[in-house]
Amino acid sequence: MDRNSIIGFVLIAAVLIGFSIYSQPSKEEQRAAFVKDSIAQANRAKAEKAAKVAAFKRQQEMKQKVANDTTALFHNALVGKAQNVVLSNNKVALTLSTKGATVVKAYLKNQKGSRQFIGHNMSDMSGKHDDLNGVTLFEGSRQSLDYTLVAKEVNISTSDLYFTPSAVTDSTVTMTAEAGQGKKLILNYRLGKDYMLHLSLKTVGMAGLFDPNTARVNIDWHETVRQQERGFNFENRYARLDWKNSEGGTDYLSEASSKQKTTEEPMDWVAFKNQFFSSVIIAKDGFDTGADLESTVYNKESQDNWKVRYLKDFKAGLKTAFDPSGRKATELEFYYGPNDFYTLKNVEKESTFGKDLDMEKLVYLGWPLFRIINRWFTMPVFTWLTTWGFNMGIVLILITLLLKLITYPMVKKSYMSSAKMRVLKPKLDEATKQYDKPEDAMQKQQAMMAEYSKYGVSPLSGCLPMLIQMPIWIAMFNFVPNAIQLRGESFLWIHDLSTYDPIIEWGRTLPIIGDHLSLTCILFVAAQLIYSWITMQLQKDQMVGQQAEQMKMMQWMMYLMPLMFFFIFNDYSAGLNFYYFISLLFSAIIMFVLRKTTNDEKLLAILERRYKENASNPKKMSGLAARMQALQQMQQEQMRQQQNRKK
């Protein structure tokens, strides 16, 4: 990669970083926006609260009327004692309450010998009080689900009713709320073999009691997503509310800030997810247009003394089909499980709805190009290596080695192009010595290109390693933080590859750097500095004239970039930083070995023979080099014309 290529990449990075800093609003603008948003949010909350209070008051009056009227619907079901019913298999245990007949706790079981589903105790980062048997997704009032049926007299809310359980087994239960003589509301639950819970909701003997214009059931779903991993801010980046449109792809609310949205298309499912786990509700008949979705971001500082911290608060107001006659049941399915690509993809097989759910898209693999790399290369190789029983750190090393082997022929070809330019440097100095003035820069560049062409050398091929590695680096940037296989896996000094590995923590969040120093991030930055130094040394040997002086000025920028990476990646997972560290280390070793095994004298002799062959059988410059020369000539001609007009 020549000087112009290096300058180009550095300038692109500098422009992007500079623009991001420049485009940030000032403190005064941020404060004004914050005040404006706060006022608008407060007014909206006040209006919503008033509307809710009024609706609640009306509903309570109707409930009191029902409670006083022994002949009213569900009179007996309004009073009772809540009991728990647990449905369990070897993957998950779901606790249902007879008050409301919904899941009040989801517990994923850890498999013997695995650390993937360990429940981390966030109040004790030492790991001594972690739950080694499983992880709790939610429990208690932090999650709620309410079905509301619009009746003629009063709306029926399942959260107000006490149900009677029957036909209870490890995987099934029938919840029944008595509405009156011969009238019932029945919820049938069946737990599948993995993480799927199937529900059918229907009424018996209640035809004619519902509003004939409303053949829908309202579903109000809420969950406050708890922190499961060590890095609060890092995990919060992956916690978000997702959904799938019935006639399209998936969509989501921004994870970066609090958002509200009213959907404009029907949906198949809605998911409340964090980094490695999700709760998903799926409707057989889909959810109607106009669903109200809301995501509220929590901050870490306000929860410093909490035993359990929470990332976001999710709400979904949904509607789906309901048959008031009771002939057809409303069917829903729930997924409480890991964000594992293949497990989520398998949900379609376990679902009884026969839909293309595309739930594997809950695992974000990047933009289309990077998703293709991850979907058809990284994941199959990663899964195959995992089946051999290797430690996940070894798996990352083996993937890195495999990628280096695949790209080695192209990297070697690129290096040889740079080596050719290096051995030709004395001849280039001689051929361009008459163009030392700044105004002769264009002519000097043309002379260099012409000299390279005589020897059959393409200076542009030096960019190839960067072009090859960048898509792979970005693909891994998207894959590793979402790989649940790394969760809880230790390697060498790293306690958990899925989160940062602190060598020191100071308990409070500082601007830019956070509350810790990550060792793998430091190693990554050190490897980047070493690789940059090796690259600069190789490039320095092939610079001509003023290029060498300009290269010295560029060195500090090349060394500054890794330091900037430190502040970006200090909060990222140890697995990702470890991969980058190993990748750069192998790259540096490859460059070092290629330099030591390249015989400059033999290489120059080969180029001399090629020069003589080209001299006896001259060829026109072709390809990109020819187009660049033509462009340079055009620019030179334009400069001459401008100078003539000035005269």
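Here the structure is a predicted model, which is why all the values come from computation and not from measurement. Along the sequence shown, residues are numbered consecutively beginning with 1.
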Could you tell me if the ring centre of Phe581 sits under 6.0 Å from that of Phe524? no
Do the rings of Phe382 and Phe479 sit parallel, tilted or perpendicular, given the 30° and 60° boundaries? perpendicular
Test item: Thr320 and Ile219 side chains (from C-beta on) under 4.5 Å apart, heavy atoms: yes
Set out, in order, the CA-CA distance, both residues' side-chain angles and the distance that settles salt bridge (Lys or Arg N to Asp or Glu O under 4.0 Å) for Glu235 and Arg309, then state yes or no. CA-CA 12 Å; Glu235 185 183 3; Arg309 295 193 187 103; over 6 Å; no
Would you mind reporting whether Tyr107 and Leu137 have side-chain heavy atoms less than 4.5 Å apart? no
Determine whether Val395 and Asn391 make a side-chain contact, defined as any pair of heavy atoms from C-beta on separated by less than 4.5 Å. no
Atom of Asn89, atom of Gly192 and distance for their closest heavy-atom approach: ND2-O, 2.8 Å
Contacts of Asp292 that satisfy side-chain contact (heavy atoms from CB on, under 4.5 Å) - sequence neighbours left out: Thr262
Please report the shortest heavy-atom distance between Lys91 and Gln111, naming the atom on each side. CD-NE2, 4.0 Å
Please walk me through it: do Thr95 and Asn84 pass side chain to side chain donor-acceptor pair (under 3.5 Å)? CA-CA 6 Å; Thr95 303; Asn84 289 335; 6.0 Å; no
Under 3.5 Å, is there a donor-acceptor pair linking the side chains of Ser587 and Lys404? yes
Classify the ring geometry between Trp473 and Tyr580 as parallel (under 30°), tilted (30 to 60°) or perpendicular (over 60°). parallel
Under 6.0 Å between ring centres, would you say that holds for Tyr364 and Tyr238? no
According to side-chain contact (heavy atoms from CB on, under 4.5 Å), who are the partners of Phe353, at least two apart in sequence or on a separate chain? Ile282, Lys284, Glu331, Glu333, Ser351, Lys355
Could you check, using the six-membered ring where one of them is a Trp, whether Tyr500 and Phe234 have ring centers closer than 6.0 angstrom? no
Passes side chain to side chain donor-acceptor pair (under 3.5 Å), Thr386 versus Thr383? Steps please. CA-CA 5 Å; Thr386 302; Thr383 303; 5.9 Å; no
Using a distance-only test with no angle check, is there a side-chain donor-acceptor pair under 3.5 angstrom linking Gln275 and Asn482? no
Pair Gln227-Asn236, side chain to side chain donor-acceptor pair (under 3.5 Å): steps then yes or no: CA-CA 8 Å; Gln227 179 187 357; Asn236 217 348; over 6 Å; no
Ignoring hydrogens and geometry beyond distance, is a side-chain donor-acceptor pair present between Ser518 and Asp501 at under 3.5 Å? yes
Can a side-chain donor-acceptor contact be found between Asn90 and Lys109 if the only test is distance below 3.5 angstrom? no
Does Lys300 pair with Asp515 as a salt bridge, N-O distance under 4.0 Å? yes
Can you tell me if Asp313 and His222 form a side-chain donor-acceptor pair at under 3.5 Å? yes
Identify which one of Asp323, Asp288, Asp285 satisfies the salt bridge (Lys or Arg N to Asp or Glu O under 4.0 Å) criterion when paired with Arg216. Asp288
Quiz item: cation-pi between Arg487 and Phe117, 6.0 Å / 45°: no
Side-chain ion pair, Arg226 and Glu139, N-O less than 4.0 Å: yes
Could you grab the distance from atom CH2 of Trp221 to atom CG of Leu318, nearest 0.5 Å is fine? 8.5 Å
